[in-house]
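Sequence lines set the chain letters: A, B, ... in the order given, protein chains first and strands last, and positions in each chain run from 1. Reckoned from all heavy atoms, side chains included, excluding hydrogens, waters and symmetry mates.
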Amino acid sequence: MKFNRTFIELIIFVILLLAAAIPFEFTERPEPYVFGWLPFPLFYWWILVILNLLFLYWVSSSWLREINEKKR
Amino acid sequence: MNEGILSFLVILAYLFILMGVALYCYKSEKIKNVESFFLANRGVSSVLLPLTMIAAMQSTFAFLGAPGMYYTHGIGFIVIVLSQAWVALMVIHFGHRIWQLGKKYGYLTIGDFFKDRYDSNFLKVFASAVSILMTVVFLAMQYVGSARAISGVSGEQISYLFALVVIAVFSLIYVITGGAKSVVLTDAIQAIILLSGIVIAAYIAIVPVGGISALFSKIAETAPELLSRPGPKGLYNDKNWVMQFILLPFGIWLCPHVWVRSLMAKDEKAISTSAMAVPISQIVIFATSGLFIGLSGHLLLQNLEVPDNVVPVLMNQYTNWFVASLVMAASIAAGMSTINSMILVCSQMFTQDIIIPFMRRKLREEENLLISRIVTLVIVVLGTLIAYKPPALLVSVVIDVAYTGLAQMAPAFILGLYWKRCNRTGATFGMVAGIVILFLTRIYRINPLGYPGFLWAFLVNLVLTVGLSLMTEKPSIEKVEKIIGYFEGAR
């Protein structure tokens with residue numbers, strides 16, 4: 001169970017890290033504008049920021065739950 | 001009375017309110033030992049720890065530097081949020097381990113860990129000396145930012161020197177009276193103020209532009225290069241972009257005033273919530289508010305000479321003096337909270353790692369506390385003097401290498417927590433070589449093969465730490481078992 005969680009955590013971490021750290025070519029121009037005004041690179045980075053937040057929430061809450069279960 | 005002086009009085013009132021909180025802490029519970037003075041008795045709750053974490057991490061840079069970066073370089077500056085999010089994972093994994101060791105063996109500083117794990121007084125003193133050097137210079141820069149903000153909001157009617165003395169005196173009172181408990185409580189208040197302040201500042205900046213969609217549409221027409229990488233000046237080119245993800249998160253977490261928060265935690269819940277505080281505050285400050293302010297500033301304030309002034313100038317031009325002074329009070333809150341944490345941790349490292357271990361006799365708690373308070377005073381005076389007349393070379397070199405310099409402790413620290421084979425020889429040569437290479441490449445401005453010196457420093461550090469550990473004698477089983485065995489036993 002713990003191995004599975006750690007492994008999944010590691011895989012998601014690597015994917016999110018690479019998605020942010022690789023300087024993709026499409027981030028070198030503002031077009032297309034999402035909703036007609038939001039530059040696509042920012043749209044992409046904002047999505048990543050939210051995904052990072054959700055991932056970190058999942059990691060910290062499952063880590064805390066595991067610690068509490070051990071204590072019980 | 002003119003608006004400049006009234007604005008200064010609003011900020012002064014704010015500083016006095018915080019002083020009341022510090023004095024309340026001083027009177028409510030007497031500080032009996034250094035653990036109480038420096039770590040609030042390792043009892044900071046899951047409500048206060050995330051707030052003090054935010055306050056310690058976010059400095060005047062959040063209010064002044066970040067909008068200035070968006071103003072100049074465009075949306076690529078969001079890389080700071082994408083790369084620093086991972087500090088939260090370090091808080092959970094490494095922070096939890098050091099918290100457990102701290103509780104078990106009474107660690108007060110990172111030097112205590114190095115001494116215990118590697119049986120080396122040299123590593124303890126060296127790591128602390130490097131951390132103190134970086135932190136004192138950063139402390140001085142926080143003084144500079146806060147004093148300039150006060151002087152600026154008063155319309156230069158309050159001189160820079162007077163503003164600097166005001167900030168230094170208040171910060172000294174906050175720290176010296178209530179120690180960590182006072183710092184944590186004032187931090188909590190200041191974190192709420194700074195988060196509210198930056199959101200209000202963003203709102204004030206966006207309204208005259210016509211809203212968020214109008215902001216981006218207008219920027220697309222006038223300066224589209226701000227809306228993609230690498231930005232107008234090419235700062236976020238491919239190489240620089242990738243570099244942000246390599247060492248920066250380690251350097252941020254190993255800032256003494258940040259990682260020491262893990263030692264203050266009351267329980268795991270506090271560690272978990274403090275970890276989440278990192279990405280949440282980054283989103284509020286850097287991914288949204290700072291971005292809107294910087295881009296609005298680009299539309300509303302053409303050719304600003306000092307981009308870092310985008311917030312004060314926008315506030316002065318687009319709102320009344322009272323709201324402007326409240327927003328600037330929030331900016332000063334960001335600076336003051338970081339200042340308090342830096343003073344406390346510098347005093348902590350200086351007394352516990354450099355002075356006390358070399359005393360001829362074991363000190364009583366009251367003597368240790370007295371020395372800690374005297375050192376606190378010395379740190380404040382030193383920071384103020386540097387802020388008054390910053391030595392150009394020292395400041396520019398240290399600012400450039402600060403985070404990457406602190407990251408040089410990562411191999412010895414992290415491998416020491418997880419790898420039994422890591423020994424004193426590897427850790428010592430790795431860390432010293434890393435710091436020396438880092439400083440030399442920065443001072444002589446050398447980038448071997450086109451890659452920055454800090455990357456080579458870290459690489460050499462890592463190779464030496466691992467290689468020499470494997471080539472030389474194994475560390476004593478007793479020491480290793482004390483640290484790593486403790487975690488294995490806890491599983």
J.: Quick check on A:W45 against chain B: is it the side chain, the backbone, both or neither that has a heavy atom closer than 4.5 Å?
T.: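 A:W45 touches chain B through backbone and side-chain heavy atoms alike.
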
J.: With side-chain contact (heavy atoms from CB on, under 4.5 Å) as the criterion, how do B:S274 and B:R261 come out once you've worked through the C-alpha distance, each side chain's angles and the decisive distance to 0.1 Å?
T.: CA-CA 9 Å; B:S274 72; B:R261 255 93 200 126; over 6 Å; no

J.: List the atom of B:F487, the atom of B:Q100, and the distance in Å for their closest heavy-atom pair.
T.: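 Heavy atoms only, the tightest pair is CE2-OE1, 3.3 Å.
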
J.: Can you tell which part of B:I283 gets under 4.5 Å to a heavy atom of chain A, answering side chain, backbone, both or neither?
T.: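 Side chain of B:I283 only, per the 4.5 Å heavy-atom cut-off to chain A.
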
J.: Quick check with a 6.0 Å cut-off and a 45 degree axis cone: is B:R97 positioned over the face of B:F413's six-membered ring?
T.: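 Judged by the rule, B:R97 and B:F413 form no cation-pi pair.
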
J.: Using the ring centroid of each side chain, check whether B:W86 and B:F245 are separated by less than 6.0 Å.
T.: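 Ring-ring flag for B:W86/B:F245: false, centres at least 6.0 Å apart.
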
J.: For A:E9, which atoms come within 4.5 Å of any heavy atom of chain B: side chain, backbone, both, or neither?
T.: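 Side chain only.
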
J.: Would a line drawn from the ring center of B:F216 to the ring center of A:Y33 be shorter than 6.0 Å?
T.: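 They do not qualify: ring centres at least 6.0 Å apart.
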
J.: Is B:I78 in contact with chain A via its backbone, its side chain, both, or neither, using a 4.5 Å heavy-atom distance?
T.: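 The answer is the side chain of B:I78.
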
J.: Below 4.5 Å from any heavy atom of chain B, which atoms of A:L64 appear? Answer side chain, backbone, both or neither.
T.: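 For A:L64, the side chain is the part near chain B, not the backbone.
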
J.: Output the option from B:G76, B:S213, B:A88 having the highest count of non-hydrogen pairs under 4.5 Å with chain A.
T.: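 Highest number of pairs under 4.5 Å: B:S213.
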
J.: Is there a side-chain contact (heavy atoms from CB on, under 4.5 Å) between B:W253 and B:V91 once you walk through the steps?
T.: CA-CA 8 Å; B:W253 187 68; B:V91 173; 3.6 Å; yes

J.: Ignoring hydrogens, what is the shortest heavy-atom contact between B:L263 and B:R42? Give both atom names and the distance.
T.: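 Here B:L263 and B:R42 meet closest at O-CG, 3.4 Å.
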
J.: Against chain A, label B:A275 side chain, backbone, both or neither, depending on which of its atoms sit under 4.5 Å from a heavy atom there.
T.: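 Interface part for B:A275: neither.
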
J.: Please flag which part of A:L56 lies under 4.5 Å from any non-hydrogen atom of chain B: side chain, backbone, both or neither.
T.: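 Both backbone and side chain.
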
J.: Please determine, among B:V242, B:I280, B:T288, the option with the most heavy-atom pairs under 4.5 Å with chain A.
T.: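 Among the listed options, the one with the most contacts to chain A is B:V242.
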
J.: Which is it for B:L215 and A:W37 under the side-chain contact (heavy atoms from CB on, under 4.5 Å) test, yes or no, and what are the steps along the way?
T.: CA-CA 9 Å; B:L215 168 69; A:W37 53 270; over 6 Å; no

J.: Heavy-atom pairs under 4.5 Å with chain B are the metric here; pick the option from A:A19, A:P39, A:S61 that has the most.
T.: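 Result: the option with the highest number of such pairs is A:P39.
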
J.: Heavy-atom cut-off 4.5 Å, strictly under: side chain, backbone, both or neither for A:L17 against chain B?
T.: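 Backbone plus side chain of A:L17, per the 4.5 Å heavy-atom cut-off to chain B.
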
J.: With a 4.5 angstrom heavy-atom cut-off, could you sort out which part of A:F24 is near chain B: side chain, backbone, both or neither?
T.: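 For A:F24, backbone heavy atoms alone lie under 4.5 Å from chain B.
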
